[in-house]
Amino acid sequence: SHPTKSVNFVTFSFLDSGVFDEVRFKKFIRNLPWELFRIKGTVRFGDRLEMLNFVGGKSEWSPWEGEAETRLAFIGWQINVQETLKELKRCLVQTS
């Protein structure tokens, strides 16, 4: 038997100290392609930090104490990483 070839399996991460717009971020999560099946980490909103546990289209949120920054790990396959990160960055609150 031959070892199975990787089906373009992708893992990547995101780290940012900026603040996310909650409405835009949750819309981003809702609109993810099904190939992006796992995201875990902290998300910084204007008034709090939350732990996101996203698996197969379902999101669980819980309050989190710690460094106020967004740290997310992504797992999926056949994902355009640059495009996904670009969409994610559009959810940040723009400060001038």
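What you are looking at is a predicted structure, and each value in this text was computed from that prediction instead of being measured.
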So, using side chain to side chain contact (heavy atoms under 4.5 Å, CB included) as the criterion, who are the partners of [X] when residues are at least two apart?
{"X": "Lys86", "value": "Glu83, Arg90"}
{"X": "Thr11", "value": "Phe9, Ile75"}
{"X": "Glu67", "value": "Glu69, Arg71"}

Pairing residues for [X] by the side chain to side chain donor-acceptor pair (under 3.5 Å) criterion, not counting sequence neighbours:
{"X": "Glu60", "answer": "none"}
{"X": "Asn80", "answer": "none"}
{"X": "Arg44", "answer": "none"}

Kindly determine whether Val10 and Val81 satisfy side chain to side chain contact (heavy atoms under 4.5 Å, CB included), including the steps that lead there. CA-CA 8 Å; Val10 181; Val81 174; 3.4 Å; yes
Verify the cluster assignment for [X] and [Y]: are they in a single hydrophobic cluster under the rule of side-chain heavy atoms below 4.5 Å apart?
{"X": "Leu72", "Y": "Val55", "answer": "no"}
{"X": "Phe20", "Y": "Trp61", "answer": "yes"}
{"X": "Phe14", "Y": "Val19", "answer": "no"}

Is there a salt bridge (Lys or Arg N to Asp or Glu O under 4.0 Å) between Glu50 and Arg48? Walk through the geometry before answering. CA-CA 7 Å; Glu50 295 247 352; Arg48 69 195 188 285; 2.6 Å; yes
For a side chain to side chain contact (heavy atoms under 4.5 Å, CB included) check, start with the C-alpha distance between Phe37 and Trp77, then their side-chain angles and the critical distance, and finish with the verdict. CA-CA 8 Å; Phe37 58 87; Trp77 66 89; 2.9 Å; yes
Listed partners of Asp21 passing salt bridge (charged side-chain N to carboxylate O under 4.0 Å, His left out), at least two apart: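 Arg24.
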Ile39 side chain reached by Ile29 side chain, heavy atoms, under 4.5 Å: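 Side-chain contact under 4.5 Å: yes.
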Run through the side-chain heavy atoms of Ile, Leu, Val, Met, Phe, Trp and Tyr, join any pair under 4.5 Å, and report what else lands in Val23's cluster.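 Noted: Val23 shares its cluster with no other residue.
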Give me the other members of the hydrophobic cluster that Met51 sits in, counting Ile, Leu, Val, Met, Phe, Trp and Tyr linked by side-chain heavy atoms under 4.5 Å, directly or via other members.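 Taking Ile, Leu, Val, Met, Phe, Trp and Tyr as members, Met51 shares its hydrophobic cluster with Leu49, Trp64.
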Minimum heavy-atom distance between Ser59 and Leu52, given as atom pair plus value: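 Heavy atoms only, the tightest pair is CB-CD1, 4.0 Å.
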Any idea which heavy atoms bring Pro33 and Ile79 closest together, and the distance?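 Here Pro33 and Ile79 meet closest at CG-CD1, 4.0 Å.
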Report yes if the distance between the aromatic ring centroids of Phe12 and Phe74 is under 6.0 Å, otherwise no.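 So the answer is yes for these two rings.
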Could you grab the distance from atom CG of Asp16 to atom OG1 of Thr70, nearest 0.5 Å is fine?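 If I round to the nearest 0.5 Å, the distance is 6.5 Å.
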Pairs where residues 25-37 contributes a residue and the test side-chain hydrogen bond (donor to acceptor under 3.5 Å, both in side chains) is met, not counting sequence neighbours: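 Output for this query lists Glu22-Lys26.
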Walk me through it: do Phe25 and Leu88 pass the test side chain to side chain contact (heavy atoms under 4.5 Å, CB included)? CA-CA 7 Å; Phe25 185 86; Leu88 177 60; 3.4 Å; yes
ring-ring contact (aromatic ring centres under 6.0 Å, His included) partners of Phe54, counting only residues at least two apart: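 Counting only residues at least two positions away or on another chain, Phe54 forms no ring-ring contact (aromatic ring centres under 6.0 Å, His included).
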